Structures are given as structure tokens and as C-alpha cells.
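Contents: one structure, followed by commentary.
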Protein chains: 2
Amino acid sequence: MTAERPGLRERKKQATREALRTAALRLAMECGPDNVRVDDIAAAAGVSPRTYNNYFSSREQAIVAAVTAERAAQVAAAVAARPAEVGLGDAVRDAVVGQYTDQGDHAREALLMITTSPALRACYVDTVTAIEEPLADAVIARCPDIDPLTAQVLSAAVGAAARVALGQWLDATREAPSMPGFVVPSGSLPDLVRAAVTPLVPALDAAGSPRA
Amino acid sequence: MTAERPGLRERKKQATREALRTAALRLAMECGPDNVRVDDIAAAAGVSPRTYNNYFSSREQAIVAAVTAERAAQVAAAVAARPAEVGLGDAVRDAVVGQYTDQGDHAREALLMITTSPALRACYVDTVTAIEEPLADAVIARCPDIDPLTAQVLSAAVGAAARVALGQWLDATREAPSMPGFVVPSGSLPDLVRAAVTPLVPALDAAGSPRA
DNA sequence: GCATAATTCTGCGTGCACGCAAGTTTGCTG
DNA sequence: CAGCAAACTTGCGTGCACGCAGAATTATGC
């Protein structure tokens, strides 16, 4: 139903994208983030270096994409999945927090590597921008009477909050190894994300139910 | 008082930065944004091309900086200048809106040129990120008991709202010339910014006065 | 099945960002 | 004033993003 026509063409594109992501992450983990050239990734995926940039617009993007993958769609789905009774604020907050809980074991060491390189950290933090549009759509679907601009602003605000939390956490985990005493000064990532999104709950609720 | 020691060194640096900004904007206005090379800007400012990248990390940044300039500090000052009686929400909103009202005549045509190039638009939109840190400081100064993370999140949210408003407005003004009928479909920029920040006011007020 | 239109991949060239290692200027101190 | 250390500038080399145009591949009409 949702997949109208797989189409040989489209499938090949997704395969290439997947191959690039995987190769990028593998090489980065093996050789270290700074010892991987774009040409290497392209070669490992069996395409031209030029083709790499038809799929990803920066060297770091492919590596990060291997970890981020379908996050945007998942957030939107999670918001839609919350029962209609709970307020918009709780629904969005729980959906976002859920995205950063129970990371797989493999993802955890990848995250640690991303911590290594400033460029990778910046790129990873920027990926949360991708949730804005799907999230706005989900918000509109939940509250059809909401002003589209408001939905967009609130989604962007949530994205910004997640960005702040992620930045804090990445910095904290990077500093940690030097200080043997404290492991994670700021607590776990899900807790941090929750704490960051919580201040926005009043705004979300206010927009979600105008007559309350 | 605040300026401890200007110092010959620091003055030269600011002069170079200013020269680069000005030259960049002038050349961009004269030749069109896409017909200006970094080397040209550097030459016009009398420095090496390499030095250019010691001050600005992208070609567009210098052009945009000529328009943006001191915006970040002004927002922080504007927040601090609001009387202590008004709520945090109103104070921040008015301060941000004030930044985008009564643009100079010269700035207005520069804005129009920025509309021309996608890269410039993206860069200009990204500059609002710079207000986050000063704004967070101003918020903390206003509400000393606030959680620093909350202040940071709210500032980032406000920045995101401004970003959305700016994006909308830039897109709208770009589409406008093709449609002779409508000039600005979405209204004036200050109104748009106000409308974008308003949904966040409940969150700001909630954080600003916990006991209300 | 085949011709044709639409996409995608690829090589090439250009402009750009940035690390590195001198060379130069500035600020401080004896 | 001499001399030293820190900061800034500059040239060079490398890797990268992306526009462009031609070849290769896929979809579509007959």
C-alpha cells in the first residue's frame, strides 16, 4: 500500500546509499575517523568518488548516517503512536526521549568514536535538524487546528533542545576519560534529553489545547 | 570600564575583520554574489587569501557578517534593558523582534541580494545561532535561580524560532518577484518573527517565574 | 523486441577550507 | 634599548564539494 512501486531504480539507489553508510562506518571504526578519505569509502562501496557526493554532501555525513538512519521517521511515528488523551507536551517529550534510550551495543561504541572528532560531533549534532519537518507533520496530524507556523516553530524548538542535550552529553563524555573520578558528570543521555525538552512542555501544551 | 585595554593588536584585528566584511559586501553587491572569489575579497582588504580564512570560515560568512555584525550582543542588551516587572516571555520576544525591525535602507537591498543565492540564504539563517549563548547569559542574569540547562534550551528554542521565521520570509520574498500581485504573502518580517516567537512565550514565562 | 526518453554514474576542472611550518609583528621585561 | 616570547600573517600542500557534460543504465511507447 504505502510502497507504490519498489522499482529497480529506487532499490539500487537505496542499496548504494546503504553500502556507502556501512562502508563509511566500518572504515572509520577500523582506521580512525581522520584516516579515512572519501575515495576509500567510495572504493569500498564500489562507486566513483563523485557518486559519493551525489548521496552525501560531506565526508562525515555518511558515517553519521549509519548511526542516525531512520531516526526522523521513528520520532514522527512515536508521536503518532501516543494515545490521543495525553497532552501534546508529554507525547512529544516521550517520543524524543525514546529515540535516545536503549541504544544498541554496536551503536554505543560508534557514538564513542564520533566523540573523537570535532567534525563528526558537529555533524552528528546537526542531524537532529532532520526531525523538524516530520515532527511538524506529526504535530499537525495530532492537532489539525494548530497554526502551521506554530507547529514548525515548536518542532524546531524541540530539535534545538535535543541539539543542546546532545552537545552537552558529547562534551561531557569527551572530557570524562581525562578525569578518572567522574564518568558522566551530567547523567545518562536519555535523562539529559528529557531534562532539555521538559522546559518546552508548557509551550507545547499551550499550543496543543487552546481551550484549557 | 568594560574595555580594559584596547591594545594595538586587538584594534588591528578588528580593523582587518571590518575591512573584510565591508569589501565582501561591496564586491558581492557590485558583481553579484556568485562572481566574487575569496581571493578578490582578500585582495580588496589587503590581506592574504589564507588570512581571510583565519577570520571567516566560509566565503559567505564575511558577506553575511556585514549585515549581521553586532546582532548577538544587541539582543542580549535588549533583554537586559527591559524593566524587571515584565515577564521573561515578553522581554525576550520584544528584544528579538526589535532586532528585525527598522532595518536601514542599505541593509534592505543587501537582504534582497542575499535572497539571490541559496548558499547566502542558508548562511544568513545560520547566523541566528550566534544569539544563543549571549541570550542564555542574559536570561540567567535576569533570572539567577534558573537552571542553566533550561536557559540554554530556551535560548536555542528562540533561535530556532527566529530561524524558521527568517527562512519563511526569505523564501517568500524570493518567490514574490515572479508573482507581481503579491509582494510579501506572509506579512512583514517583524510580524513574522513575533508570530514565530510567540508560541514559546508560555515556556519562557513558566521558567521565568516558577512560583506563579 | 526495439527505439527513444529520462536518470544515474562518472571523469574532469575549479574554487574553497584548513593543517602546517616558516616569517613577521607586537608586547613585555630586564 | 635589547632581546625574548607570544600572537598574527603568509605560502604551500592536501582533501573535499560541486557544476558540467558525456557515457552508461533504466523505464516507456510502439
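Since the model is a prediction, treat every value here as computed from it, not as a measurement. A, B, ... follow the sequence lines: proteins, then strands. Residue 1 opens every chain. Atoms considered below: every heavy atom in the structure, side chains included; atoms not considered: hydrogens, waters and symmetry mates.
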Note to self: Counting C-beta onward and ignoring hydrogens, is there a side-chain heavy-atom pair between A/V201 and A/V92 closer than 4.5 Å?
What the structure shows: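 They are not in contact (no side-chain heavy atoms under 4.5 Å apart), so the answer is no.
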Just list the side-chain donor-acceptor pairs under 3.5 Å for residues 22-32 of chain B, sequence neighbours left out, or say none.
unit_1 : atom_1 : unit_2 : atom_2 : d
B/T22  : OG1    : B/E18  : O      : 2.8
B/T22  : OG1    : B/E18  : OE2    : 3.4
B/R26  : NH1    : B/E30  : OE2    : 3.3

Item checked: Footprint string (nucleotides 13-20 of chain D, 5' to 3'): B base within contact, S backbone only, - free, heavy atoms under 4.0 Å -> --SSBBBB
Next item on the list: Any chance you could lay out the side-chain contact (heavy atoms from CB on, under 4.5 Å) test for A/L135 and A/V79, step after step, and finish with the verdict?
Entry: CA-CA 8 Å; A/L135 183 54; A/V79 169; 3.7 Å; yes
Tabulated below should be each protein N or O lying under 3.5 Å from an N or O of nucleotides 1-6 of chain D; please produce it.
none

Next item on the list: Not counting sequence neighbours, list each pair that qualifies as a ring-ring contact (aromatic ring centres under 6.0 Å, His included) and has a residue in residues 97-131 of chain A.
Entry: none
Please determine, by modelled atom types, if [X] and [Y] share a side-chain donor-acceptor pair under 3.5 angstrom.
X: B/R93; Y: B/T198; result: yes
X: A/R121; Y: A/T115; result: no
X: B/D191; Y: B/S188; result: yes

Check: Would you write out the dot-bracket form of DNA chain C, 5' to 3', with Watson-Crick and G-U pairs under 3.5 Å, [ ] for crossing pairs, | for pairs to other strands and . for unpaired bases?
Finding: ||||||||||||||||||||||||||||||
Check: Given that A/K12 and B/V47 both sit by DNA chain D, which one's nearest nucleotide is further toward the 5' end?
Finding: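 Looking at the nearest nucleotide for each, B/V47 comes out on the 5' side.
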Item checked: Minimum heavy-atom distance A/R59-A/P33, with the two atoms named ->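 Minimum heavy-atom contact is NH1-O, 2.9 Å.
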Interatomic distance where [atom1] belongs to [X] and [atom2] belongs to [N] [whole Å]:
X: B/R11; N: D/dC8; atom1: CZ; atom2: P; answer: 15 Å
X: A/E10; N: C/dC9; atom1: CD; atom2: P; answer: 11 Å
X: A/D34; N: C/dG19; atom1: CG; atom2: C1'; answer: 12 Å

Item checked: Residues in salt bridge (Lys or Arg N to Asp or Glu O under 4.0 Å) contact with A/R82, at least two apart in sequence or another chain ->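 Partners of A/R82 under the salt bridge (Lys or Arg N to Asp or Glu O under 4.0 Å) test: none.
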Next item on the list: Take B/R108 and B/D105 through the test salt bridge (charged side-chain N to carboxylate O under 4.0 Å, His left out) and record every step on the way to the result.
Entry: CA-CA 5 Å; B/R108 197 162 282 276; B/D105 207 25; 5.4 Å; no
Next item on the list: Side chain of B/S48 only, please: which of D/dG11, C/dG11, C/dC9 is the nearest?
Entry: D/dG11
Check: Between the main-chain N or O of B/V47 and the side-chain N or O of B/T51, is there a donor-acceptor pair closer than 3.5 Å?
Finding: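 Not confirmed, B/T51 side chain does not pair with B/V47 backbone.
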